[in-house]
Amino acid sequence: MAKNLLIVESPAKAKTIEKILGEDFEVKSCYGHIRDLAKEDMGIDIKNHYKPSYIIPEDKKKVVKDLKAFAKQSGEVWLATDEDREGEAISWHLCEVLGLDPKTTKRIVFHEITKPAIQAAVDKPRTVDMHLVDAQQARRILDRIVGFELSPVLWRKMSMKNNLSAGRVQSVAVRIIAEREREINAFTPVSTFRIEALFTAKDISGKNVTFPAEGKKFSSAENAEEFLQTCIGANYSVNDIQVKPAKKSPAAPFTTSTLQQEASRKLGYSVSRTMLLAQKLYESGNITYMRTDSVNLSETAKEEIKNQINRQFGENYYQPRNYKNKNESAQEAHEAIRPTYMENTTVDNADWRRLYELIWKRTIACQMADAELEKTTAKIRISSNNEELTATGEVMKFDGFLKAYREDRDDDDMMEDEQQEGMLPPLVAGQQLPLKEMKATEKFTRPLPRYTEASLVKKLEELGIGRPSTYAPTISTIQKRGYVEKRDKEGIKRDFRILLLKDDVVSKLSDQETTGAEKSKLFPTDLGLVVTDFLKQYFDDIMDYNFTARIEEEFDEVAAGKLKWSSMIDEFYIPFKKDVENTIENAERISGERDLGIDPVSGKKVIARMGRYGPMVQIGDTSNTEDKARFAKLKNTQSIETINFDEAMELFKLPRILGQFEGSDASVNIGRFGPYIAHDKKFYSLGKEFDPYTISLEEAMPIIVEKREAKEQRTIKVFEKEKIQLLRGPYGPYIKQGLRNYKIPKEKQETAVDLSLEEVKAIIEDVKANPPKKVPRKKKS
DNA sequence: CAGTGAGCGAGCTTCCGCTTGACTT
């Protein structure tokens, strides 16, 4: 009898399951969705109750063809796609494409790839849940409508109109970044003076040690100074000691989002790097599936973790735990991310190792005992006034899970009192403490930090926006569209005051600190800010942080069979379409214009705004055709919102003529590709180490000479008449004719110097006849 | 490749969520 065919989504999963199921089943994968909405007319027939028109995307044709062939020669087809909305829809699409009846075709689900789980699933097949499929179709159609109606609005209203896009997920992601930036810009730091005293006492071994104690916070230097004055000549004694036990518990095992966060904090990985490495670990069988929102572990996994803990750390380190998802939008089709075999504490591959070990440690720790601490708080009395100082210390009694793993925190989650405490020497009530010194140091309040890729993912997950499979792509989309940039920011130096009481004298000191420095953080661009404002003004419901959560509730109703999906879409679409039409009709073009002042030379207005080629400053009016307006591009660290008049006027100092070199003018300017020197009708890029506003002719001359030489070296041969050049590029020698480049076949690259004109022409013809396959830069359907 | 910033209007872009390779002008 022919084998049954079982279809899953992931090919790596297919291999594992085939081994588990054995003889009776052949297991194939469909590589995710096999159909999608057509692009023409949005793929939706609005007038016909939003009837979707599905097509098989180009890159899925082969998969579908192969599945059809397998289905034909198999006994029964079983659908084992993931147990969530998307997985259910994939099963239904498979029915449609393979000609199966969804009412009778066997549909099975499991959350973990273990023999008992899969066997149990096979024993109890069900059929496709059409309500759940409808919920997915509603989700898909709503997203298509939002994306394909909103994006064209931007194309019409923005002066910069290349590839702009808007969508339910990405536009809110940009909004989060934009609002944080404005909070930071609007932030005014407030300073306080916190008292810190240093005392000495003997530790257990009788050695003198120094420990800190904290006092009151003062809002002004004067008050702090007054206080320090009152302490002159005072005695200090231990007033009261309290010892309290404390506990720390391990974090839940990894989901996609928490893995991305920890890999970012501990290893400095971008979310896409984390996902790439996790994919490799998954494909090589080292970890479970890496796109999951579940913190659940299979029973067999827990058993393995237990054994490993007992073996490696001892039984007192083991504590069984179950974790529950906080997030309501979790769909939990898979397990948490964990090693497939706990006895493998590491992997051979050096690239994957750090991520693997992170996953291993987190997994082992999640079934380990609490860490037990002892917190000591000592109150210290000051004889000369009524204030008290507090010294706190922490001693670890049992390390528990911390032996394996400690989770890092984001800056914005860190509570002040959560910082690592040191140990206190043994103290007794009434003990006199000699004061070493007492300080009041000025501390400034800080705004919330800018988002990292990973902390943005965390925020999106909290809002229920996006799914594990889309976090990384969303982050890259908003950067690719130019709404958001990942970059560093240099901090600025700031003075702070210190009042020091030492040897019964109060002195005033000052020091410097750097503030506001950021590394690899997400900054909104002017484009991102302007587009966000526009969308918020005209589509406030879609930009609402709760929009996704609200429609998810409705999708749930559809899934429960309580609401018809087309009615749900109707309710959304009718007012939305009105908003779109109103916006196209009435909204002004988006410019983000901001007045900066009046140019004292011409008496004309100076403004900052979005132009066709990005943010710029402008003197004068574009409507005045006789007296033309002047323009200058903003530097990429500047922003329309924050640039001031002086900075704007500085930008008009380019182009600058540096002087004569080899008989012609050398000038410097900033172009599309950054700063450059123009000389004798040729252009030479300026490296980062040069400032186009200050560079001198003397500095520019060697650049011209060097770059000219480098260009000559790049040239292997020139056929003047035919305008063909043989050049050396980063990938080896190549042919250039006009604007087009042609690859030289591998076997001829070594001897490229000897190529004759005829041979070169032959290569060009050959490449033209067999054009190399283009890498699809964007997803094609 | 190194300019432009207005308007006209070909023809094009665009969404989110499932999955992996193919691909280095």
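What you see is a predicted model; the values in this text were computed from it and never measured. To find a chain, count down the sequence lines: A is the first, B the second, and so on, and within it residues start at 1.
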Could you pull out every donor-acceptor pair under 3.5 Å between side chains of residues 463-475 of chain A and any protein atom, sequence neighbours left out?
unit_1   : atom_1 : unit_2   : atom_2 : d
A:Arg467 : NH1    : A:Asp293 : OD2    : 3.1
A:Arg467 : NH2    : A:Asp293 : OD2    : 3.0
A:Thr470 : OG1    : A:Arg467 : N      : 2.9
A:Thr470 : OG1    : A:Arg467 : O      : 2.9
A:Thr474 : OG1    : A:Thr470 : O      : 2.7

Please name all residues satisfying salt bridge (charged side-chain N to carboxylate O under 4.0 Å, His left out) with A:Lys15, sequence neighbours left out, ordered by chain then number. none
In whole angstroms, how far is the C1' atom of B:dC1 from the CG atom of A:Leu686? 15 Å
Just to be sure I understand the rule, does A:Arg35 reach a base, reach only the sugar-phosphate, or reach nothing, if contact means heavy atoms closer than 4.0 Å? nothing
Within residues 5-15 of chain A, find the residues that approach DNA chain B with a heavy atom at under 4.0 Å, and present them sorted by residue number. A:Glu9, A:Ser10, A:Pro11
Qualifying residues under salt bridge (charged side-chain N to carboxylate O under 4.0 Å, His left out), relative to A:Lys51, sequence neighbours excluded: none
Can you name the side-chain hydrogen bond (donor to acceptor under 3.5 Å, both in side chains) partners of A:Arg35, sequence neighbours left out? A:His93
Restricting to side-chain hydrogen bond (donor to acceptor under 3.5 Å, both in side chains), what partner residues turn up for A:Glu86, sequence neighbours left out? A:His33, A:Gln136, A:Arg139
My understanding is that only residues two or more places apart in sequence, or in another chain, count here; which of them pass salt bridge (charged side-chain N to carboxylate O under 4.0 Å, His left out) with A:Asp82? A:Lys13
With sequence neighbours excluded, residues passing salt bridge (charged side-chain N to carboxylate O under 4.0 Å, His left out) with A:Glu88: A:Arg107, A:Arg126
What dot-bracket string describes DNA chain B from 5' to 3', counting Watson-Crick and G-U wobble pairs whose defining distances are under 3.5 Å, with [ ] for crossing pairs and | for pairs to another strand? .........................
Starting at CG of A:Asp84 and ending at P of B:dC16, how long is that distance when rounded to a whole Å? 18 Å
With rounding to whole Å, what would you report as the distance between B:dT13 and B:dG9 at their C1' atoms? 15 Å
Determine, for A:Asp541 against A:Arg550, whether the closest basic-nitrogen to carboxylate-oxygen distance falls under 4.0 angstrom. no
